[in-house]
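Written below as structure tokens is the structure these notes are about.
Whatever order the structure lists them in is the order used to number ligands and atoms, beginning at 1.
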Amino acid sequence: MDINKFPAEPFRIKSVEPVKMNTREERERIVKEAGYNTFLINSEDVYIDLLTDSGTNAMSDRQWGGLMVGDEAYAGSRNWHHLEDTVKELFGFKHVVPTHQGRGAENILSSIAIKPGQYVLGNMYFTTTRFHQEKNGGVFIDIIKDVAHDAGKNVPFKGDIDLQKLQKVIDEKGAKNIAYICLAVTVNLAGGQPVSMKNIREVSQLAKKHGIKIFFDATRCVENAYFIKEQEPGFENKTIAEIVHEMFSYGDGCTMSGKKDCLVNIGGFLCMNDEELFQAAKEIVVVYEGMPSYGGMAGRDMEAMAIGLKESMQYEYIRHRVLQVRYLGERLLEAGIPIIEPVGGHAVFLDAKRFCPHLKQEEFPAQSLAANLYLESGVRSMERGIVSAGRDPKTGENHVPNLETVRLTIPRRVYTYKHMDVVADAVIKLYKHKEDIKGLRFVYEPKQLRFFTARFEEI
Ligand SMILES: *Cc1c(COP(=O)(O)O)cnc(C)c1O
């Protein structure tokens, strides 16, 4: 392993949490009892947990220290001011509204910025984000470049918005019927693919010309900034913080899930520049989240988030983070495993269509692949395909995404390269007998965000 290509962990380990591996017989029983849904497996029964990078971050000693100075006052906590100042400084937006996590921010933004029947444009969608947009009467239109839907195409900045698609929607629907553009950096469901600064700039110019607002999904903005620094000409010598600041200078606000790039386990916030929207957001936050000075977070959580956000902008941290993910991807590619290319910022996505060509998409190949990987190795992953995409609320038909994937999501600062090797070996072993992976059918299908709690049986 080339130490320059894949730098060692830029931290030492001060506290450990033992994990155990159970037997294949136990896992057979467990996966059946969980209805072949990895969300329904208990954490204690998992050896390496790559279900999500959400809220699974390891905090630093400084963040743990921050918990001790939590000011748990109901109103005006000093930790809130620390967080507010940090977000304003790093993101550059005028106003910040705290929420319990990202979807709390999405709920508020969608309810104050979307009029029923208006269109919301996005570079692909995210499950909870689109849910709130549609719940508030928005009609989602995907304007990401076509190449993002092509798992095998290895091009940089696959998360970019297609400017022609954007222009076409403006021409056909009229700018006043567009609530806003939801610009995700990076694009989770496209495989953690980044958006270039050039694209953000161009989208912003076009949007401004037509008076359309841009709200970022800022969830993985630090990872996006790393890709810009690494791959976009002109940014080699800029700091991560400078790049993040410039990205957001092209927008009107953002929603943020603190559980990802803020290096904490819970929390989120909403930002905006507009005064009226800010007032409206503060009126709603008290109903669903809490006072505008805590929004569902404890004082100590806000302190840890303020510290985590600053740590996340350190180059050594984010470089190791992205490269560790890439290491896993490269090991799989070397073994001929079909994955989404290029490897994104937070996860490696197995391409279930090519992994299980013997299964139809209606037989939920990615769902079954995730269940079988657990069975094989105790490694937990997540389906991101037709099950996650859900049904069209109007027609009741399944959304049928091009991408049918299993996401191996790497928690931040939690696992080592050796763990990545264990995961790679497990996937490679399963690939050798992939024909044994059977299709699934629903035995229980929830109406909303079905992937979280659905149950299946083997066909
Ligand atoms: C996790 C996530 C959200 C939602 O945030 P929560 O904190 O889980 O509510 C929104 N957008 C993206 C891209 C995410 O990954």
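Counted by atom type alone, Thr186 and Asn224 present zero donor-acceptor pairs between their side chains at under 3.5 Å. The closest side-chain donor-acceptor pair between Thr99 and Glu289, if any, does not fall under 3.5 angstrom. For the residue pair Tyr250 and Arg201, a side-chain donor N or O sits within less than 3.5 Å of a side-chain acceptor on the partner. A side-chain donor-acceptor contact under 3.5 Å links Glu275 and His95.
By the salt bridge (charged side-chain N to carboxylate O under 4.0 Å, His left out) test, Lys88 is found to be paired with Glu84, residues two or more places apart in sequence or in another chain being considered.
Closer than 4.0 angstrom to ligand 1 sit non-hydrogen atoms from Gln101, Gly102, Arg103, Glu106, Phe126, Thr128, Thr129, Asn188, Asp217, Thr219, Arg220, Ser257, Lys259, Lys260.
No more than 12 heavy atoms of other residues, nucleotides or ligands lie within 6.0 Å of OH in Tyr288, so this atom counts as exposed by the packing criterion.
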